[in-house]
Amino acid sequence: MSFSAPQHDSTHPDRDKALAPYAVHSRAEILFLLRAIQKRKLLVNLDLPRSRQIVVTSVLAVDEARNLLILDSARGDALNQELMSGTGAEFITQLDGVSISFSSGPVAACEYENLAALRIALPPSLVRLQRREHFRVPMPIANPVRCLVPSLADATAEPIATCIVDISCGGVAIAENSGRLGCDTGRMLPDCRLLLPEAVTVVTSLEVRNAAQIRLQNGVTQTRLGCRFLDLPNDMATRLQRFVMDIERARRNSL
């Protein structure tokens, strides 16, 4: 291999500030984490800003001497061209249940062991989020997103239509005004349906971790439950992850 290192570029200062408590800056620790991802052949999502595409790849090599991270090329020339024509991508994967992410600089083509590959600069920092620390984003009030909870008393009754207050890759806060949800904590709510935009539905069980009743300005009492996802399937987790990133990106662009 013979190429110069692209420059890493962080373009999300507001998000970086919010995630600062979870940032890793140690060069040795960053290399250790990236090499563990490479050794285990973990799948990596490259999220392209302002695009509906997620590129699934893997780490082929961690080149400390050249300050490079070598990634498997995307399937299809169009995806590779879209990656290389942009200013960077969001690198996201899971290592032992911990989310590892960073914003890359430009993506460039290269060869690795005589095969087409991609290269980005090694990040000067990355974010490591434990499951309990997943970054939560508030939902836009103007476009509420619903979560349908099966009736707790009668399986044949209409599901309870709740509004999602905030959401992360680890859990969700939901609210409703009918009083049907109840305030008991520690229970499981099976087969809940998160009705995300663009006809995307995430089906998962929720565990109620905390509950509160809030009196709104109009005098109505609202029940709010803080829940965590239970046994979220990988395909559902990918859909959810993309939605959370879209909401956060839209929030950044509105600032």
Side-chain angles (χ1 to χ4, degrees), residues 15 18-19 22 33 36-37 40-48 52-58 89-102 126-140 143-152 155 159-176 181-182 184-211 223-251:
R15 183 172 183 267
L19 294 174
Y22 314 116
L33 291 171
I37 293 167
R40 299 192 195 183
K41 297 180 170 59
L42 299 178
L43 294 180
V44 173
N45 285 347
L46 290 181
D47 178 66
L48 286 70
R52 297 302 305 174
Q53 297 289 346
I54 291 181
V55 176
V56 180
T57 183
S58 59
E90 189 82 4
F91 175 108
I92 306 169
T93 190
Q94 295 275 331
L95 178 65
D96 294 330
V98 176
S99 173
I100 306 292
S101 65
F102 64 85
L126 55 76
V127 172
R128 181 177 57 192
L129 281 177
Q130 300 285 347
R131 195 174 297 273
R132 66 181 179 276
E133 297 165 341
H134 276 299
F135 184 59
R136 285 186 176 267
V137 294
M139 298 302 299
N143 298 297
V145 176
R146 304 293 180 184
C147 174
L148 300 183
V149 179
S151 173
L152 307 177
I160 304 167
T162 72
C163 289
I164 296 177
V165 178
D166 62 49
I167 193 168
S168 76
C169 293
V172 65
I174 56 177
E176 62 90 35
L181 273 182
D184 294 334
T185 58
R187 56 201 165 109
M188 185 180 74
L189 306 176
D191 300 321
C192 296
R193 300 172 64 84
L194 282 65
L195 306 181
L196 307 185
E198 300 187 17
V200 175
T201 300
V202 171
V203 182
T204 182
S205 295
L206 301 176
E207 180 189 13
V208 180
R209 305 301 298 271
N210 57 74
T223 301
R224 293 193 180 187
L225 302 182
C227 307
R228 75 178 181 97
F229 299 122
L230 293 177
D231 302 321
L232 189 65
N234 288 337
D235 61 331
M236 298 291 179
T238 298
R239 295 180 194 178
L240 183 65
Q241 185 178 59
R242 182 57 187 263
F243 174 68
V244 170
M245 293 179 68
D246 283 349
I247 291 294
E248 173 60 11
R249 186 179 298 119
R251 188 191 69 83

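For the pair Asp184 and Val208, the tightest heavy-atom approach, listed with the atom from each and the gap, is O-CG1, 3.6 Å. Contact record, Val203 with Met236: N-SD, 3.6 Å, taken as the closest heavy-atom pair. Smallest separation of non-hydrogen atoms from Thr223 and Gly182: CG2-O, 3.6 Å. The two atoms that bring Glu176 and Ala161 nearest to each other are CB-O, 3.8 Å, heavy atoms only. The two residues Phe91 and Leu46 make their nearest non-hydrogen contact at CA-CD2, 4.0 Å. Closest of all the heavy-atom pairs between Leu196 and Val145 is CD2-CG1, 4.1 Å.
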Apply side chain to side chain contact (heavy atoms under 4.5 Å, CB included) to residues Arg193 and Cys147 and explain how you reach the verdict. CA-CA 5 Å; Arg193 300 172 64 84; Cys147 174; over 6 Å; no
Show, in sequence, the C-alpha distance, side-chain angles and deciding distance for Leu148 and Ile160, and conclude whether the side chain to side chain contact (heavy atoms under 4.5 Å, CB included) test is met. CA-CA 6 Å; Leu148 300 183; Ile160 304 167; over 6 Å; no
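Annotation: side chain of Asn45 is in contact with side chain of Val56 (closest heavy-atom distance under 4.5 Å). Taking the side chain as every heavy atom from C-beta outward, Leu126 and Leu33 approach each other to under 4.5 Å. Inter-residue side-chain proximity for Leu206 and Met188 is flagged as unmet; no heavy-atom pair is nearer than 4.5 Å. Leu194 is not listed as a side-chain neighbour of Thr201, based on a closest heavy-atom distance of 4.5 Å or more. By the 4.5 Å heavy-atom criterion applied to side chains, Val127 and Ile100 are not counted as neighbours. Under the 4.5 Å side-chain criterion, counting only non-hydrogen atoms from C-beta, Val44 is not in contact with Ile92. No side-chain heavy atom of Val165 sits less than 4.5 Å from a side-chain heavy atom of Ile174. You'll find the side chain of Arg146 stays beyond 4.5 Å of the side chain of Thr162, heavy atoms only.
Side-chain atoms of Thr93 come within 3.5 Å of backbone atoms of Leu43 as a donor-acceptor pair (strictly under, hydrogens ignored).
Between the OG atom in Ser99 and the CZ atom in Arg128 there is a gap of 11.5 Å [rounded to 0.5 Å]. Taking CD of Glu207 as the reference point, atom CZ of Phe229 lies at 12.5 Å (rounded to 0.5 Å). Put simply, CD1 on Ile37 and OG on Ser58 are 11.0 Å apart, with the number rounded to the nearest 0.5 Å. One distance of note links OG of Ser205 with CZ of Arg228; it measures 11.0 Å at 0.5 Å rounding. Here CG of Leu225 is found 5.0 Å from CG of Leu181. Values are rounded to the nearest 0.5 Å. A distance of 10.0 Å separates CZ of Arg224 from SG of Cys163, quoted to the nearest 0.5 Å.
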